[in-house]
Amino acid sequence: DTLFRGNSGSLEYLSIVLTDYSMDILQKYKVFVKGKYTQLSHISLIDNKHHSEELSLSPDLFLAFAIGLFAPNIQSVLFQSKIAFTDMVGSFTSNPYSTNIQTLNLIGTWMTLLELLELVNLLPNMKRLVLDDLATNDGEPSSTLDRSSVNAVYTRYYPLSCRFKHLEVDVDSSDDIYQAAVAAIILAILCPNFVTALVSPDCRDELEFEGDIKKVLESRAYDDHDDRIQVFLQSAFQHV
C-alpha cells in the first residue's frame with residue numbers, strides 16, 4: 001500500500017491489474033475506502049483473468065471495487081473484464097458520480113443494440129464509448145430493422161443524448177461490422193451531436209465502413225430520418 005500513502009487528495013490517474021491476492025491486500029489495508037480519493041478522474045482497471053485463468057476475479061468483486069472508486073471528478077473509465085450488462089448498469093446506478101463519466105472503454109463486455117441505447121441514456125455526460133462487440137437477441141431491433149421499428153425506437157428514445165459523439169466497436173466478422181453500422185445509424189438518428197463511428201482493428205478503413213453504412217441504408221428503413229443521417233455521414237466521413 002506504500003504507493004498510495006499521502007495522495008488521497010491528489011491522485012487523479014489510476015491504472016491497476018486486479019487479482020484476488022491484490023484485492024485482499026488493498027482491502028486489508030483499506031487503501032481504497034469509498035470516497036477516499038476525491039480527485040480521481042481517470043480509472044483503468046484490468047481483471048487479471050485476461051492474463052491468468054487461475055487468478056481470475058469475480059465480476060461482483062471487480063464491480064464493487066470499481067464503482068467505489070468513482071469520485072465527483074470522474075471523467076474516463078476503462079474496464080477490462082467480462083461483465084454482464086445488467087450487473088454493470090446496476091452498479092453504475094448505485095453511484096451517482098457515474099453520470100459524470102465522459103469516456104467509457106469496455107474491453108471484454110458485449111451488449112445488444114437496445115442495451116447500448118440504455119447505457120447512453122444512463123450516462124448523460126458520456127461523449128465516447130468503446131465496445132468489444134455488439135450482438136442481437138431474439139425480439140429486439142437488429143440488422144433486419146424495418147421502417148416501423150426504426151420509428152418506434154425514435155419515438156421511445158429521441159433525444160437520447162445531446163452530448164454523445166463517438167462510438168468505436170471491436171469487430172471480428174462481417175456480421176459484427178453490419179451490426180456496428182446499424183448502431184451508428186441509430187445513434188445518428190437519436191443523438192443530435194453524434195459525429196464519429198469507427199470499427200477496429202484495422203479490418204475496415206473509413207471509406208470501407210462508410211460503404212457498410214450506406215449498404216444498411218439501402219433497406220430504406222431509415223428514410224424518415226434521412227436529413228439527420230446525411231448530416232452524420234458528412235461529418236463522420238469527410239474525404240479530401
Side-chain angles (χ1 to χ4, degrees), residues 1-112 114-135 137 161 164 168-170:
D1 67 324
T2 305
L3 290 174
F4 301 102
R5 292 179 184 175
N7 60 359
S8 60
S10 59
L11 185 65
E12 297 180 16
Y13 295 82
L14 174 66
S15 180
I16 188 170
V17 176
L18 296 175
T19 66
D20 285 332
Y21 176 74
S22 65
M23 283 296 298
D24 287 343
I25 297 296
L26 294 172
Q27 291 177 332
K28 177 180 179 181
Y29 292 100
K30 298 181 180 180
V31 175
F32 290 107
V33 176
K34 185 176 181 179
K36 180 178 179 180
Y37 294 90
T38 57
Q39 299 303 311
L40 264 180
S41 56
H42 305 276
I43 298 173
S44 176
L45 300 180
I46 301 171
D47 184 344
N48 194 63
K49 68 184 175 184
H50 287 268
H51 307 286
S52 169
E53 290 295 335
E54 296 180 359
L55 296 175
S56 62
L57 193 68
S58 75
D60 289 343
L61 187 58
F62 180 92
L63 278 172
F65 176 78
I67 303 301
L69 290 174
F70 287 3
N73 292 329
I74 190 69
Q75 295 180 26
S76 68
V77 173
L78 182 151
F79 289 165
Q80 184 169 329
S81 180
K82 291 185 178 180
I83 304 171
F85 177 81
T86 52
D87 294 337
M88 180 175 61
V89 167
S91 296
F92 280 153
T93 303
S94 71
N95 189 319
Y97 298 138
S98 298
T99 59
N100 295 338
I101 294 173
Q102 297 179 27
T103 299
L104 181 59
N105 192 332
L106 299 174
I107 302 173
T109 298
W110 65 268
M111 63 188 65
T112 66
L114 285 184
E115 288 171 341
L116 167 60
L117 300 183
E118 290 175 22
L119 182 62
V120 175
N121 185 57
L122 179 67
L123 305 177
N125 289 298
M126 183 167 61
K127 299 177 181 178
R128 181 173 182 264
L129 175 63
V130 181
L131 292 176
D132 244 12
D133 198 3
L134 280 166
N137 283 340
S161 172
F164 189 66
E168 183 173 341
V169 182
D170 191 9

Enter the distance from Leu18:CG to Leu45:CG here, rounded to the nearest 0.5 Å.
5.5 Å
Taking only residues two or more places apart in sequence, or in another chain, which ones meet Tyr13 in a ring pair (Phe, Tyr, Trp, His ring centres under 6.0 Å)?
His42
Any idea which heavy atoms bring Thr112 and Glu115 closest together, and the distance?
N-OE1, 3.0 Å
Look up atom OG1 in Thr99 and atom CZ in Phe70, then write down how far apart they are to the nearest 0.5 Å.
10.5 Å
Residues Thr93, Ser98; criterion side-chain contact (heavy atoms from CB on, under 4.5 Å); working and verdict
CA-CA 7 Å; Thr93 303; Ser98 298; over 6 Å; no
Approximate separation, where rounding is to 0.5 Å, of Leu40 CG and Ser10 OG:
9.5 Å
Nearest non-hydrogen partners of Met111 and Leu116, listed with the distance
SD-CA, 3.7 Å
Measure from the side-chain N and O atoms of Asp132 to the backbone N and O of Gly108, and report whether any donor-acceptor pair falls under 3.5 Å.
yes
Could you pull out all residues at least two apart from Phe92 that satisfy ring pair (Phe, Tyr, Trp, His ring centres under 6.0 Å)?
none
State which residues pass ring pair (Phe, Tyr, Trp, His ring centres under 6.0 Å) with Phe164; sequence neighbours excluded, sorted by chain then number.
Phe194
Restricting to side-chain contact (heavy atoms from CB on, under 4.5 Å), what partner residues turn up for Thr38, sequence neighbours left out?
none
By side-chain hydrogen bond (donor to acceptor under 3.5 Å, both in side chains), which residues pair with Asp87, not counting sequence neighbours?
none
Check step by step if side-chain contact (heavy atoms from CB on, under 4.5 Å) holds for Leu117 and Asn121.
CA-CA 6 Å; Leu117 300 183; Asn121 185 57; over 6 Å; no
Greater than 12 external heavy atoms within 6.0 Å of Tyr97's OH
no
Closest heavy-atom pair and its distance - Ser161, Pro124:
OG-O, 3.9 Å
side-chain contact (heavy atoms from CB on, under 4.5 Å) between Thr109 and Phe79, worked out
CA-CA 9 Å; Thr109 298; Phe79 289 165; 5.9 Å; no
Under the side-chain hydrogen bond (donor to acceptor under 3.5 Å, both in side chains) test, which residues partner Ser44, sequence neighbours left out?
none
Those residues that, when tested against Asn125, pass side-chain contact (heavy atoms from CB on, under 4.5 Å) (two or more places apart)
Asn100, Arg163
For Glu118, the salt bridge (Lys or Arg N to Asp or Glu O under 4.0 Å) test, sequence neighbours excluded, returns none
So, taking the atom named CG in Leu129 and the one named CD1 in Ile101, what distance separates them when rounded to the nearest 0.5 Å?
10.5 Å
With Gln39 via side-chain hydrogen bond (donor to acceptor under 3.5 Å, both in side chains) - residues at least two apart:
Asn73
From CG (Leu119) to CG (Leu114), nearest 0.5 Å:
12.5 Å
Can you name the residues that form a side-chain contact (heavy atoms from CB on, under 4.5 Å) with Ser94, not counting sequence neighbours?
Ile67
Could you grab the distance from atom CD1 of Ile107 to atom CD1 of Ile83, nearest 0.5 Å is fine?
11.0 Å
